4 protein chains.
Amino acid sequence: MVSRDPQPVGRPRESRVDQAITRAVRELLAEAGYARLTMDAVAGRAGIGKAAIYRRYATKQEMVFAAAVHGEALEVPADTGSLFGDLTALARVIISHLTNPAASTALLHLLGDIATDPTLAESFTTTLIEPEREGNAEVLRRAVRRGELEQLPDIDVFHAAFGGAVLSWLFLSRHDPHDLPERLARFACAALQASDSEAQDPVRPGREW
Amino acid sequence: MVSRDPQPVGRPRESRVDQAITRAVRELLAEAGYARLTMDAVAGRAGIGKAAIYRRYATKQEMVFAAAVHGEALEVPADTGSLFGDLTALARVIISHLTNPAASTALLHLLGDIATDPTLAESFTTTLIEPEREGNAEVLRRAVRRGELEQLPDIDVFHAAFGGAVLSWLFLSRHDPHDLPERLARFACAALQASDSEAQDPVRPGREW
Amino acid sequence: MVSRDPQPVGRPRESRVDQAITRAVRELLAEAGYARLTMDAVAGRAGIGKAAIYRRYATKQEMVFAAAVHGEALEVPADTGSLFGDLTALARVIISHLTNPAASTALLHLLGDIATDPTLAESFTTTLIEPEREGNAEVLRRAVRRGELEQLPDIDVFHAAFGGAVLSWLFLSRHDPHDLPERLARFACAALQASDSEAQDPVRPGREW
Amino acid sequence: MVSRDPQPVGRPRESRVDQAITRAVRELLAEAGYARLTMDAVAGRAGIGKAAIYRRYATKQEMVFAAAVHGEALEVPADTGSLFGDLTALARVIISHLTNPAASTALLHLLGDIATDPTLAESFTTTLIEPEREGNAEVLRRAVRRGELEQLPDIDVFHAAFGGAVLSWLFLSRHDPHDLPERLARFACAALQASDSEAQDPVRPGREW
DNA sequence: CATTAATCGAGACGGTACGTCTTGTCTTGCA
DNA sequence: TGCAAGACAAGACGTACCGTCTCGATTAATG
């Protein structure tokens, strides 16, 4: 019989500390930005010692990821009855997450560390990327069930383009996102339905060319 | 009459130093990564003093941007004769830039600083985003001239989705980019032609819905 | 009741670090001189971080003073049985301190900062000047007890002239100090006894004038 | 015939520059102290380029010495008719020089560099120490001529003690110098006359002991 | 109840990068 | 050639941050 959950010995960790860390990280990210998010500042704001943080997270990145990004998993928006409606709602959800001050600031900074931190990369994939891809897939499956699409499209490309579009719009082009959901949904909708009919009827491409 | 080109006084800056800085930054980024790109290392590698760097760039970010990102403007790929071909080529160009070791590492780290550094943001827009958008527009204009599209689509959304897709594919999903150009071009091509016909003939949408 | 000895909180400072700093400063002063005594060199030699130094001393001067000058208080030489003997011994002690490589190099450089650094000036007075003056006074009191002098002379002037003579001899005139103790002691002895008798018998000055 | 004063070629140096340097050094020493006396500050204040300074002086020390210390040679005070009077006047001259803000600040800082800069040491000796010693000797020779002393005492020791006393009084003990001339002159006078009579009449020491 | 072991806040530690400053040299164009 | 302006290489300065460690006190579960 394997020993699991080795009986903890000694004083148990206080959940108060976990909460204080998360709270402090989010507040500091929103108030002062990532640049002034130091471990000492977090400990000071949370009223705890630095050791209590490092007992939970091995690095600053891990802490920030856990406190500001993790748990922000995208919920799949409710069925609106149409692919266009679902995609609009999906875009709104992504935008709302990426415009959250704490999460977005942290996200962009952590992105750079992914290349050299396999653990962080793994967390990103498991916690954010995969669930989001699954959410996208769910929206597309609905459209298939509804009859709007004959079959599932290239989900990976769709996922990259849809999420990537919001990312690029907000943080590279830095445009106003207020009418992005409709415009992006229209674009994506067209792409999906066109590739769908093309895939079904390869002899009749979208247009003669 | 305004006085322009104010007569320079004193010893002029040496272009040798500018080149040495750029070269050192790129080498160090490729060799050691952003984390070990220190100002002292740059100065040492370039055989110059730190003051010579700070005389040119106010911050490390500015230096890295100028040395590793600036001048990496995307060239518009040659006309391949078809929208699909052009988009495939465009994706290849973007991928090749984003997989360049120096540029990509730097880019992701700088991204996080854009939010709090208006100067950096301005540089990004002027140097990278706008030229790239213009390149995308040129590809689309070719398709219009060719007759593949009736009219120009929503360029901003296309730009965000196309570039964002590559970004997301490489750095968020971390997939292999070898077949991305074709898959992405197919997706984008479909979207463009579908929205195009839809816009031209609103009574006959791509499919019944 | 006043609270004193406020309960120390947090990790206490390690005396090992204090000793390492002191040792490193002295070694570097003796080996390389004041000019090459850098904070980084001290930290490196001591095997500690620079922060550990700045946690203890606000400035380089303070560190050097504490490490190389403080604690070098002049011991009063043992009673030799005569004023002349005591003064000779006193001169020897002063010379040995001022020719100590670490202390002397530091001393001269710190001297210049006294004018603009009240804290340093205070330290100098308390730690060096006052004890030395007291040592001089003790030697003179012995002579009074012995009967060599009727009463204590102008101690301030004696102190300035005796110590100042060594200082000037070594660092301004840069003479060899080997026979200075006897010559200086003879001079001072004469001055003291002459002023003494003059003070006792003002009608009969040392000589007619 | 030896070639002397090698015919200067090219544009002659402007004395305006020499004066501006000297003036700037003295002003800055008096205003801001030695710590803020930088070569750039001197050049800026003087309205000249740094090269013009380094064309004249090889190092900062040399410049400071030349501008603030050199030319401050002690004039021998006029004969007052008595040794006591002459010594009082001599002390006053030394004090007035050492309390000059520019000279004194510079002097103390340069002192520390003497140990490692033979050129500076040579300048000190030639320019300051020797003339001062000669001035002291002149005062003593007057006393011999006057009959106050039978023969010249140990001039080196006297010189060290007299000048050193003022140095120590002002910069180590940091006492008020207002009554120092009289007190020091009385002390020195007694010393000189006592050693004098002792040397003349060794069987009758200053006092019986 | 006493022991044990891990927790807690506080803060010192080694290491290292930052951006600024200073020194002494060099390079422009002008006089 | 001298000069003002200012760039240059070298490197020290004092600050800040990270992740680790140490202190005395606290807090359950175990013996």
Side-chain angles (χ1 to χ4, degrees), chain A residues 7-14 16-17 35-41 43-44 46-55 57-61 63, chain B residues 7-14 16-17 35-44 46-60, chain C residues 7-14 16-17 35-44 46-60, chain D residues 8-14 16-17 35-41 43-44 46-61 63:
Chain A
Q7 196 61 15
V9 175
R11 176 176 176 175
R13 293 193 183 162
E14 298 178 20
R16 171 183 65 84
V17 172
R36 266 173 287 185
L37 181 80
T38 68
M39 298 307 268
D40 287 274
I48 59 170
K50 278 205 293 176
I53 302 178
Y54 282 103
R55 214 172 283 122
Y57 312 108
T59 65
K60 181 182 174 181
Q61 282 80 23
M63 176 194 73
Chain B
Q7 191 65 14
V9 172
R11 178 177 177 175
R13 297 196 180 161
E14 298 180 21
R16 171 184 64 83
V17 171
R36 263 172 287 184
L37 181 80
T38 69
M39 299 306 269
D40 287 274
V42 171
I48 60 170
K50 277 204 292 178
I53 302 178
Y54 283 104
R55 210 173 286 120
R56 290 165 169 76
Y57 311 109
T59 64
K60 184 181 174 182
Chain C
Q7 189 66 12
V9 171
R11 178 177 177 175
R13 298 199 178 158
E14 297 179 22
R16 172 184 64 85
V17 171
R36 264 173 287 184
L37 181 80
T38 68
M39 300 306 267
D40 286 276
V42 172
I48 60 170
K50 277 205 290 178
I53 302 177
Y54 284 106
R55 212 172 284 123
R56 290 166 168 75
Y57 311 108
T59 64
K60 185 180 173 180
Chain D
V9 174
R11 177 177 175 177
R13 294 191 183 163
E14 297 178 19
R16 169 184 65 85
V17 172
R36 267 173 286 187
L37 182 80
T38 68
M39 299 307 268
D40 286 275
I48 60 171
K50 279 204 294 175
I53 301 177
Y54 282 103
R55 211 171 285 121
R56 290 165 170 76
Y57 312 108
T59 64
K60 181 182 174 181
Q61 282 79 24
M63 176 194 74

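Just so we're clear, the structure is a prediction, and the values are computed from it rather than from any experiment. Reminder, nothing fancy here: chain letters follow the sequence lines and each chain counts from 1.
Between the base of dA12(E) and the side chain of R11(C) there is a donor-acceptor pair shorter than 3.5 Å. Checked by distance alone, K50(C) brings a side-chain donor or acceptor within 3.5 Å of a matching partner on the base of dG14(F).
Between the side chain of R55(B) and the backbone N or O of R13(B), no donor-acceptor pair lies under 3.5 Å.
When the nucleotides dC8(F), dG15(E), dC18(F) are ranked by their closest atom to the side chain of M39(A), dC18(F) comes out on top. Nearest to the side-chain atoms of K60(C) among the listed nucleotides dC18(E), dA4(F), dC13(F) stands dC13(F). Nearest nucleotide to the side chain of T38(A), out of dC26(E), dC18(F), dA17(E): dC18(F).
Under 4.0 angstrom from either OP1 or OP2 of dC3(F) there lies at least one side-chain N or O belonging to R56(D). One finds a side-chain N or O of Y54(C) lying less than 4.0 angstrom from the OP1 or OP2 phosphate oxygen of dG14(F). Within the 4.0 Å cut-off from OP1 or OP2 of dG6(F), not a single side-chain nitrogen or oxygen of R13(B) is found. Dashed line: the shortest gap from a side-chain N or O of R16(D) to OP1 or OP2 of dA4(F) is under 4.0 Å.
With values rounded to the nearest 0.5 angstrom, Y54(B) atom OH is found 8.5 Å from T59(B) atom OG1.
Distance, I53(B) CD1 to dC21(E) C1': 16 Å, rounded to whole Å. Distance, R55(B) CZ to dT20(E) P: 12 Å, rounded to whole Å. Counting to the nearest Å, the P atom of dG9(E) and the CD1 atom of I48(A) are 6 Å from each other. Distance, D40(B) CG to dC18(E) P: 7 Å, rounded to whole Å.
Along DNA chain E, the nucleotide nearest to E14(C) and the one nearest to E14(B) differ in position, and the one closer to the 5' end is contacted by E14(C). Checking G49(B) against A41(C), the closest nucleotide of DNA chain F that is more toward the 5' end is the one next to G49(B). Sequence order on DNA chain E of the closest nucleotides to G10(A) and V17(C) puts G10(A) first from the 5' end.
Nucleic acid contact class of L37(A) (heavy atoms, under 4.0 Å, all strands): sugar-phosphate only. Using a 4.0 Å heavy-atom distance criterion, A43(B) is classed as making no nucleic acid contact. Here R36(D) lies out of heavy-atom contact (under 4.0 Å) with every strand. Residue contacts for A58(B): at a heavy-atom cut-off of 4.0 Å it reaches no nucleic acid atom on any strand shown.
The shortest heavy-atom contact between A43(C) and G49(C) is CB-C, 4.1 Å. Residues L37(C) and K60(C) share a closest heavy-atom pair of O-NZ, 2.8 Å.
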